[in-house]
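In what follows, a single structure is set out as structure tokens and then discussed.
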Amino acid sequence: MRLSRYFLPVLRETPKEAEIVSHQLMLRAGMVRQASAGIYSWLPLGLRVLDKIGNIVREEQNRAGAIELLMPTIQSADLWRESGRYDAYGKEMLRIQDRHERDMLFGPTNEELITQIFRDNVRSYRDLPRNLYHIQWKFRDEIRPRFGVMRGREFLMKDAYSFDLTAEDGRRSYNRMFVAYLRTFARMGLKSVPMAADTGPIGGDLSHEFIILAETGESQVFGHRDLFEGDVPPADTDFEGDLQPIVDRWTSLYAATDEQHDAARFDAEVPADKQVSARGIEIGHIFFFGTKYSEPMNCKVQGPDGSVVALQMGSYGVGVSRLAGAIIEACHDDAGIVWPVPVAPFEVGLLNLKAGDTETDAACERLYGELTNAGVEVLYDDTDERPGGKFASMDLIGLPYQVVVGPKGLKGGEVELKSRQDGAKSSVPLDSVVQSLVSDVSERRLLV
RNA sequence: CGGAGCGUGGCGCAGCCUGGUAGCGCACUUGCUUCGGGAGCAAGGGGUCGCAGGUUCAAAUCCUGCCGCUCCGACCA
């Protein structure tokens with residue numbers, strides 16, 4: 001992408017409504033603009049990040065055997081009356097009426113709708129297990145939205161729903177999502193820790209929140225230090241096999257959010273030098289809730305013995321839009337964002353220090369073409385802005401690699417190659433920079 | 001909803017107390033000079049001062065009501 005034709009409004013100063021660093025940087029880097037309280041427009045750069053996050057989530061869901069579909073944002077109130085949640089949900093649910101004065105709502109979650117779809121189309125245990133998911137906008141009319149996209153009212157969420165014949169099978173479905181989540185967040189460069197969690201309005205008795213540590217986290221979390229350094233299950237993990245040992249390993253050590261925290265247990269189970277007490281951000285939440293929806297909504301199949309049984313269900317959420325903010329909270333420095341390669345909006349920033357100069361233009365065009373053809377995502381700053389401004393903007397938007405092309409270096413046939421992550425700079429021959437970048441970038445696209 | 005604060009050009013702010021020509025920095029446009037880490041000079045463009053009432057000869061400024069936004073608390077992916 002050529003910057004001269006792109007839409008990337010960067011801000012030199014910090015808008016005063018932004019209090020936390022990820023919100024400030026998202027506004028300054030031209031990723032989002034606030035439409036109203038807790039509701040955001042995603043500008044081109046932000047959308048690219050959102051898509052990358054969504055695609056990683058998608059790949060890992062698919063790997064774990066979940067199947068993607070897409071449900072609407074607007075739902076019928078009648079469906080929610082079946083489960084009893086129309087009255088139970090409270091004011092977070094945005095209730096609206098259509099022109100015929102039918103009660104509708106903007107979906108805060110989709111248990112009811114997916115249960116309806118499933119019950120209307122599945123009759124036999126032979127069609128089990130199934131896990132269906134979608135990535136769709138949700139609306140929860142929070143009392144107080146804050147922290148930018150981290151706690152907006154409108155947010156993009158991946159929500160998966162599992163259907164099983166027995167509780168044991170349901171547990172296996174739960175485990176598949178548990179392992180998928182460990183991989184999903186690790187691929188974004190995040191160290192997530194599953195923690196015993198409250199089930200809230202979703203219901204059920206088995207639940208984990210996936211937490212990353214961040215100073216601006218919304219809740220206090222407690223855990224064993226070793227959990228924050230554990231190895232993530234590899235890509236060739238057999239999701240059809242027994243995942244219980246993996247889950248057991250991750251849940252054997254103490255980890256809890258403040259609402260579940262038991263200080264006495266914490267002190268008894270975790271040696272003082274292994275105790276971690278910090279702020280955390282919830283980026284995923286999984287639940288197993290049995291027949292909470294299938295029973296009242298009559299989502300039943302015939303088992304092998306001919307009996308009709310209500311399905312065992314679970315639901316599994318990932319805050320896709322929240323992750324964009326959460327990753328920035330975890331990955332930034334004084335100059336701006338420092339994107340991990342897998343979620344970076346572009347992988348390489350190409351800086352033409354003297355746009356209009358025949359030689360630098362030619363060298364940049366060549367690099368831009370070759371990198372693009374090699375499948376590397378390049379943002380080419382071909383504007384005639386001064387070098388200082390170009391450097392500052394590139395650092396702000398945080399692309400992992402920068403290629404600096406100017407007359408000085410070109411005299412020796414060289415360009416400067418910089419890593420945003422560690423700030424390392426090196427002079428590289430013009431002829432080998434593409435090869436070097438292609439291998440560096442592709443190596444870091446897959447973190448696990 | 002309880003408490004606190006803020007709404008003045010795209011962004012950041014001053015002016016309000018003590019009513020009288022709407023200002024500053026950045027950004028933007030044009031020209032010249034500059035050009036390897038946010039340049040200099042010069043000339044420009046852009047504002048219903050959140051909205052509505054009221055007081056007054058006169059309101060960004062004083063009064064009343066409303067709206068929006070932010071922070072702390074209860075709620076949450």
Side-chain angles (χ1 to χ4, degrees), chain A residues 9-20 23-24 27-28 30 33-39 53 57 89-93 107-110 135-160 181 185 197-202 207-212 218-219 257 259 280-287 315-326 335-336 351-357 360 383-396 402 404-412 414-416 418 423 425 427:
Chain A
V10 299
L11 269 33
R12 193 183 289 207
E13 290 175 276
T14 303
K16 65 175 174 182
E17 75 266 17
E19 291 287 326
I20 64 168
H23 191 196
Q24 294 172 350
L27 290 168
R28 289 190 55 208
R33 288 293 182 264
Q34 182 163 322
S36 64
I39 301 177
I53 293 170
V57 170
Y89 212 91
K91 289 189 169 179
E92 284 82 50
M93 185 153 73
T109 177
N110 285 63
I135 299 175
Q136 177 63 292
W137 292 93
K138 308 290 189 293
F139 194 93
R140 292 182 192 174
D141 200 356
E142 299 292 344
I143 297 171
R144 183 152 91 86
R146 59 184 128 174
F147 299 155
V149 301
M150 300 244 289
R151 194 177 315 167
R153 293 192 290 171
E154 188 182 58
F155 57 96
L156 188 60
M157 182 166 90
K158 184 284 299 183
D159 40 324
Y181 276 28
F185 302 130
D198 186 29
T199 55
I202 306 286
S207 177
H208 287 91
E209 288 182 19
F210 285 74
I211 301 282
I212 61 164
E218 54 214 317
S219 56
T257 60
E259 53 209 8
I281 300 171
E282 179 185 352
I283 52 178
H285 201 158
I286 59 179
F287 305 85
S315 74
Y316 316 89
V318 170
V320 173
S321 50
R322 166 178 286 193
L323 271 166
L351 281 71
N352 184 336
L353 290 191
K354 198 169 184 181
D357 176 81
T360 45
T383 67
D384 59 3
E385 194 187 347
R386 302 173 68 80
K390 293 193 176 195
F391 287 123
S393 295
M394 277 296 172
D395 286 349
L396 173 63
Q402 293 175 18
V404 181
V405 181
K408 255 184 205 175
L410 284 181
K411 273 186 190 140
E414 289 183 329
V415 299
E416 186 178 280
K418 286 171 53 185
K425 299 180 193 177
S427 286

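The sequence lines fix the lettering, A, B, ..., with proteins before strands; numbering per chain opens at 1.
Residue G388(A) is in sugar-phosphate contact alone, with no base atom involved, counting any heavy-atom pair closer than 4.0 Å across all strands shown. Looking at heavy-atom distances under 4.0 Å, K138(A) makes no contact with the nucleic acid at all. Here L11(A) lies out of heavy-atom contact (under 4.0 Å) with every strand. Among the protein residues, E17(A) comes within range of the sugar-phosphate backbone only, with heavy atoms under 4.0 Å from sugar or phosphate atoms but none that close to a base. Contacts of T14(A) with the nucleic acid, taken as non-hydrogen atoms under 4.0 Å apart, involve only primed sugar atoms and P, OP1 or OP2. Among the atoms of the strands shown, base atoms are found under 4.0 Å from some heavy atom of V404(A). P407(A) comes within 4.0 angstrom of a base, heavy atoms only. The residue G317(A) sits apart from the nucleic acid: no heavy atom pair falls under 4.0 Å. Within 4.0 Å of A392(A), counting heavy atoms only, lies at least one base atom of the nucleic acid. Contacts of D159(A) with the nucleic acid, taken as non-hydrogen atoms under 4.0 Å apart, are absent. Residue K418(A) is classed as a base contact, given a heavy-atom separation below 4.0 Å to a base. Among the atoms of the strands shown, only primed sugar atoms or phosphate atoms (P, OP1, OP2) are found under 4.0 Å from some heavy atom of Q34(A). Residue contacts shown for R33(A) are absent, as no nucleic acid heavy atom lies under 4.0 Å away. Among the heavy atoms of the strands, none lies under 4.0 Å from K158(A).
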Return the polar atom pairs (N/O with N/O) between nucleotides 44-48 of chain B and the protein under 3.5 Å, or none.
none

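In a base pair of the Watson-Crick type (N1 to N3 plus N6-O4 or O6-N4) or a G-U wobble (N1-O2 and O6-N3), with each distance short of 3.5 Å, G10(B) is matched with C26(B). Using N1 to N3 plus N6-O4 or O6-N4 for Watson-Crick, or N1-O2 and O6-N3 for G-U wobble, each under 3.5 Å, U70(B) pairs with A4(B). Pairing for G45(B) is absent, judged as Watson-Crick or G-U wobble with the two contacts each under 3.5 Å. Of the nucleotides present, U64(B) is the one that pairs with A52(B) by Watson-Crick or G-U wobble criteria, both distances under 3.5 Å. Applying the Watson-Crick and G-U wobble criteria (two distances, each under 3.5 Å), U34(B) pairs with nothing in any strand. In this structure, U18(B) forms no base pair with any nucleotide, since neither Watson-Crick nor G-U wobble geometry is met with both distances under 3.5 Å.
Once rounded to the nearest 0.5 Å, the distance linking CG of L351(A) with CD of E385(A) reads 9.5 Å.
Using a 4.5 Å heavy-atom threshold, the side chains of H23(A) and V149(A) count as separate. Between F147(A) and E19(A), every side-chain heavy-atom pair lies at or beyond the 4.5 Å cut-off. Side-chain contact between L353(A) and K408(A) is absent, with no heavy-atom pair separated by less than 4.5 Å.
Nearest nucleotide to the E19(A) side chain, out of G37(B), A77(B), C71(B): C71(B). Closest contact between the side chain of R12(A) and the listed nucleotides C26(B), G37(B), A77(B) involves C26(B).
Salt-bridge check for E142(A) with R151(A): failed, with every basic side-chain N at 4.0 Å or more from each acidic carboxylate O.
Taking atom CD1 of I53(A) as the reference point, atom P of A77(B) lies 18 Å away to the nearest angstrom.
Contact annotation: R151(A) does not reach the phosphate of C76(B) (side-chain N/O to OP1 or OP2, under 4.0 Å). When the side-chain nitrogen and oxygen atoms of R146(A) are compared with OP1 and OP2 of C76(B), none of them lie within a distance under 4.0 Å. Distances shown here put a side-chain N or O of R144(A) below 4.0 Å from the OP1 or OP2 atom of C71(B).
For L156(A) and A35(A), each mapped to the nucleotide of RNA chain B holding its nearest heavy atom, the one lying further toward the 5' end belongs to A35(A).
For G45(B) and U30(B), the P atoms lie 15 Å apart once the distance is rounded to whole Å.
Taking the six-membered ring for Trp and thresholds of 30 and 60 degrees, F185(A) and Y181(A) have ring planes more than 60 degrees apart, a perpendicular arrangement.
In this structure, F155(A) packs face-to-face on the six-membered ring of A77(B), meeting both the 5.5 Å centre cutoff and the 30° plane limit.
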